[in-house]
Colleague: 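Shown below is the structure under consideration.
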Amino acid sequence: MKITKAIACATAFATLALSSTVSLAAGYPERSITMIVPFSAGGPTDTVSRLVAEAMSKDLGQQIIIENVGGAGGTLGAGRVASAEGDGYTLLLHHIGMATSATLYRKLAYDTLNAFEYVGLVTEVPMTIVARKDMDAKDLKGLIDYAKAHKDTVTVANAGIGAASHLCGMLFMSAIQTPLVTVPYKGTGPAMTDLLGGQVDIMCDQTTNTTKQIQGGTIKAYAVTSPKRLDVLKDVPTAVEGGLAGFEVGIWHGIYAPKGTPKEATERLSKALQVALKDPNVAARFAELGTAPSSASDATPVALKAKLESEITRWKPVIEGAGQYAD
Ligand code: ASP
């Protein structure tokens, strides 16, 4: 009798547990969602996140609130999400650094390929090589000559080891075979403030942060890292045109959730992401900033997982070849 009662209780509990998972999926989301941006407010990852989060919120009927957790090239914010509960209410919007930091860091607080669930790809963004407004160099060749001649004093801003600006700066230094002085920030929002003020000399950063400043003449642009010139920056040559053979860097963004987040939640979020990327306001702002939204088939868990895996494989030998690691 007792055993039968215990079995009945266990069955009732299992049914309850099952139905509570189902009801999470059915009513999801029932409250606001936090999206961690692993860089400072006002920078390019933040800009992309706020645009997309606003449009996703409309579709979800719940607010996505951005929280900026900058530091250590994006790995602090990613670590925060890796250790959060997988309940569908914490997300991470990160970029290519999710892949490069897997090799760059000898020790990470999380296992990149096993600590997250995937929502989808968001956008691809080119980088720009820019300098303070009063930089004398007329073109990319002139900038390279200047950097080589002043290698002990010329400063290159970045958002820490693992950031896209760090990767691009590292590739630039390796291409010109000259190590330069790097200045890390918690994001390229504050780095841009210092570039505008002339406290740092050079930066390689996403067009989402630099296009308006270049167009306004408040910083100088020397190259875009895309294979072709951009419509919004027609006068800026590609790095290859400027003399850096093979210098192409494209930054991609993706949305992740902590491991264990129910599939129903990541699929619902992926649908909201697809709707957001078709939003005319998002599309117009992306176009103004020289970036393009991911296609509906890329804004999916399966596409982001494949992208992350292939990018880890792609950058591993490059980073190992450069011999740059962080502890
Ligand atoms: N653009 C930055 C990077 O270098 C990060 C940011 O502030 O969005 O990765």
Side-chain angles (χ1 to χ4, degrees), residues 35-53 66-81 91-105 108 112 121-131 155-173 180 182-196 200-214 219 221 223-226 249-256 285-286 289-291 308 311 315 318-319 322 324 326:
M35 182 183 272
I36 304 275
V37 173
F39 298 103
S40 316
T45 313
D46 184 66
T47 299
V48 167
S49 304
R50 284 175 198 274
L51 269 170
V52 168
I66 302 291
E67 192 184 331
N68 298 88
V69 182
T75 60
L76 285 186
R80 170 86 78 85
V81 176
L91 301 176
L92 169 72
L93 194 149
H94 203 344
H95 61 26
I96 190 171
M98 189 77 160
T100 54
S101 55
T103 304
L104 275 166
Y105 282 78
L108 269 184
T112 305
L121 282 157
V122 178
T123 182
E124 291 252 353
V125 193
M127 306 289 279
T128 42
I129 300 174
V130 294
T155 48
V156 184
N158 68 37
I161 297 178
S165 47
H166 169 263
L167 175 72
C168 188
M170 187 179 86
L171 295 173
F172 179 70
M173 290 182 237
L180 304 169
T182 55
V183 184
Y185 294 80
K186 284 189 176 174
T188 47
M192 178 59 84
T193 305
D194 277 6
L195 192 71
L196 290 167
V200 283
D201 299 311
I202 298 174
M203 177 159 74
C204 182
D205 201 22
Q206 287 105 303
T207 56
T208 25
N209 200 27
T210 59
T211 300
K212 294 287 162 201
Q213 304 294 354
I214 296 168
I219 55 173
V224 290
T225 66
S226 43
V249 196
I251 303 308
W252 48 275
H253 294 90
I255 299 178
Y256 306 81
R285 289 280 291 133
F286 273 11
L289 298 172
T291 182
L308 180 66
E311 287 280 282
W315 290 105
V318 179
I319 293 163
Q324 289 208 7

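Order of appearance sets the numbers: ligands from 1, and atoms from 1 within every ligand. Counting begins at 1 with the first residue of the sequence.
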Colleague: Go through ligand 1 atom by atom and flag the ones less than 4.0 Å from a non-hydrogen atom of Thr188.
Modeller: 1 (N), 2 (C), 4 (O), 5 (C), 6 (C), 7 (O)
Colleague: Can you check whether Gly43 has an N/O within less than 3.5 Å of an N/O in ligand 1?
Modeller: no
Colleague: Test Val48 against Thr123 for side-chain contact (heavy atoms from CB on, under 4.5 Å), laying out the working first.
Modeller: CA-CA 8 Å; Val48 167; Thr123 182; 3.9 Å; yes
Colleague: Going by the atom numbers of ligand 1, which of them fall below 4.0 Å from some non-hydrogen atom of Thr45?
Modeller: 5 (C), 6 (C), 8 (O)
Colleague: Go through ligand 1 atom by atom and flag the ones less than 4.0 Å from a non-hydrogen atom of Gly187.
Modeller: 7 (O)
Colleague: May I ask you to list the atoms of ligand 1 that are less than 4.0 angstrom from any heavy atom of Ser165?
Modeller: 3 (C), 4 (O), 9 (O)
Colleague: Have Ser165 and Thr188 got a donor and an acceptor in their side chains that come within less than 3.5 Å?
Modeller: no
Colleague: Run the numbers on Gln206 and Thr45 for side-chain contact (heavy atoms from CB on, under 4.5 Å), then give the verdict.
Modeller: CA-CA 9 Å; Gln206 287 105 303; Thr45 313; 4.1 Å; yes
Colleague: Decide side-chain contact (heavy atoms from CB on, under 4.5 Å) for Met127 and Ile251; before the verdict, give the C-alpha distance in whole Å, the side-chain angles of both, and the deciding distance to 0.1 Å.
Modeller: CA-CA 7 Å; Met127 306 289 279; Ile251 303 308; 3.1 Å; yes
Colleague: Checking side-chain contact (heavy atoms from CB on, under 4.5 Å) for the pair Tyr105/Thr75: CA distance, chi angles, key distance, verdict?
Modeller: CA-CA 9 Å; Tyr105 282 78; Thr75 60; 3.7 Å; yes
Colleague: Just jot down the ligand 1 atoms closer than 4.0 angstrom to any heavy atom of Ala163, in number order.
Modeller: 3 (C), 4 (O), 9 (O)
Colleague: Heavy-atom distances under 4.0 Å are what count here, so tell me which part of Gln206 touches ligand 1: side chain, backbone, both or neither.
Modeller: side chain
Colleague: For the residue pair His95 and Phe39, categorise the inter-ring angle as parallel (less than 30°), tilted (30 to 60°) or perpendicular (more than 60°).
Modeller: tilted
Colleague: Output the list of atoms in ligand 1 that are nearer than 4.0 Å to some heavy atom of Pro44, sorted by atom number.
Modeller: 1 (N), 6 (C), 7 (O), 8 (O)
Colleague: Just which atoms of ligand 1 are under 4.0 Å from any heavy atom in His95?
Modeller: 3 (C), 9 (O)
Colleague: Measure the shortest side-chain to side-chain distance between Thr193 and Tyr185 over non-hydrogen atoms and say whether it is less than 4.5 angstrom.
Modeller: no
Colleague: Heavy atoms only, cut-off 4.0 Å: how does Asp205 contact ligand 1, side chain, backbone, both, or neither?
Modeller: side chain
